[in-house]
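To find a chain, count down the sequence lines: A is the first, B the second, and so on, and within it residues start at 1.
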Amino acid sequence: MPDKIEIQNLSRSYSKKGGKSERFYALKDFSLTVRQGEFVTIVGPSGCGKSTLLDLLIGLAKPDEGRVLIDGKPIGGPSLDRGIVLQGYALFPWRTVRGNIEFGLEVKGIPKASRREMSDYYIKLVDLVGFENHYPYELSGGMQQRTAIARILAYDPAILMMDEPFAAVDAQTREVMQDELLSIWEKTGKTVIFVTHSIEEAVGLADRVAVMSRSPGQVKEIVDINLPRPRRVGTIRNTPEFVALFHRVWELLRNAEQSGGKDDGGIAGVSGRIHPAAVI
Amino acid sequence: MNAKIKRVVISAIPIIAFFALWEFGARFAPKGSLKPPTSVIPATLSALFSKKERLGYQTLVSMGRIGAGFGLAAAVGNTLGFLLGTYFKRLERWLLPFFRVCEKLNPFALIPIFMIFFGIDTKEKVALVFWVCLWPILTTTQEAAKSVDVSLVRAARSMGANRFKVFRSVIFPFVLPSVFTGLKLGARVAFFMIVAAETYGSSSGLGWYYMRKNALYNLNLLYGSVLYITLLAILLNYVFTRLEKRFLTWKTAAFR
């Protein structure tokens, strides 16, 4: 598969509070290449610059140095070839499920009749039939999440980015959502960059896991996940292969945490007292 | 439904009690100080439609002035509020203390000054109504525009929305309920202002009518016009409360 996204030596800094010339590097020299149709997850300690990275990839922020190439071309601003599911969903509260899903289509300038047809399709895909005319506040967390995903899928971006999309839903819903995401991904063949806190989620979903270190945010190591496809996150996590990979990522993160200065307990399963093997 | 009727009945009790007390009290009050509602209300109703009293006409005059001043304030206040709260935040920070001072100026004290600049006819009344309506409308819209949920703007921008689309589909619907809140507050002060403004240097309108009944010592219509003006204010308030609610549904529910 050809390279879809090439992230080359990306740096982004912010001025520190108080200090005039001192800069804080959220990202420094960040490089990562993602192949067409690949599912890459990014895990790292909190404050390692994951959100900054996504902002740069969408084009909502500009890097100090480095560049992002998509299909070999540098990106400008935000564009409909990339979609992001933001933390906390960011659904428009005054729009119904259908209205939310059609937003990107409106931006694309698609006429009303086709918009409706397309939103119907995606409402079915994420299993929200019967809730088309509900407002976000009338939905459960999982349904809001599905709406947010459908909203992005609807305008058919080649690249799907997700910023801890399942952090706010309960464990069971999360598992269902993960499997749904995998099946959608298998059906559509999109390239996915998925940021998460959870090692289990990172290993369970990905083709490759990029482990980040903190201050400055960099790729510490990339772990290949050679687990069979199609997968179900709920069943695969009991296999010895999964446990081994989980442990590998866990160790990398622990080192990242230690080398990255003060521990603020960012990672699920790392800073806790419980050994990861006991969790799974 | 039953609960609703019950609530209406219960909240009607103090109002009924008030009128009963008024009716009763009028019989014991010193002569020439209070008229009972049974004589005030019929007198006012007939004044409303009589050719001689022309209370209906005076109402239209006042409402016209309110409409002009309020409409102008709504246009200016909302436009400024949107602009200052979104794209001109630095200008807004700079102007804010000045606005706060303007807001605190006692508008009744401004009446003579406005007379110097605008004369004593309709222009001055409209200008006063405009002035008092402007501040609540401007402030409410501006505050709401400032507090637009950043993550919604990010979401829209990430989907390739340009500035116009962000404004039309995110900022505008986000602020709209507050626009109606501002209009409601504006309408309320507009009513206070027009009566006060028409009390001085005027020959028409509800305020003038009220003062003339006072001068003529027509107790029935003096009390009647106070009651009538109150009813009009309630009606106007009701209209804007309904509008506000209509557009506020998602907001009250979403940020419960």
Where does A/Leu60 contact chain B at under 4.5 Å (heavy atoms): side chain, backbone, both or neither? both

Could you tell me which portion of A/Tyr155 (side chain, backbone, both or neither) has an atom closer than 4.5 angstrom to a non-hydrogen atom of chain B? side chain

Has B/Tyr210 got more than 12 heavy atoms of other residues, nucleotides or ligands less than 6.0 Å from its OH? no

Relative to chain B, which segment of A/Asp55 carries a heavy atom at a distance below 4.5 Å: side chain, backbone, both, or neither? side chain

Proximal component of A/Arg82, with respect to chain B [non-hydrogen, under 4.5 Å]: backbone

Of A/Leu80, A/Val107, A/Val85, the largest count of non-hydrogen pairs under 4.5 angstrom with chain B goes to A/Val107

In terms of heavy-atom pairs under 4.5 Å with chain B, the winner among A/Phe103, A/Tyr135, A/Tyr89 is A/Phe103

Atom NZ of A/Lys112 with >12 non-hydrogen neighbours under 6.0 angstrom: no

Who in residues 151-173 of chain B is close to chain A, using a strict under-4.5 Å heavy-atom cut-off? B/Ser151, B/Leu152, B/Arg154, B/Ala155, B/Ala156, B/Arg157, B/Ser158, B/Met159, B/Gly160, B/Ala161, B/Lys165, B/Ser169, B/Val170, B/Pro173

Distance in Å, A/Trp94 CH2 paired with B/Phe174 CZ, rounded so as to fall on 0.5 Å steps: 6.5 Å

Please determine whether the number of non-hydrogen atoms from other residues, nucleotides or ligands lying under 6.0 Å from atom OH of A/Tyr14 exceeds 12. yes

Count the heavy atoms of every other residue, nucleotide or ligand shown that sit under 6.0 Å from CZ of B/Phe192, and state whether that count exceeds 12. no

Is it the case that more than 12 heavy atoms not belonging to A/Lys124 sit under 6.0 Å from its NZ atom? no

Does atom CD of A/Glu65 have more than 12 heavy-atom neighbours from other groups under 6.0 Å away? no

Answer yes or no: are there more than 12 heavy-atom neighbours, outside B/Tyr238 itself, under 6.0 Å from its atom OH? no

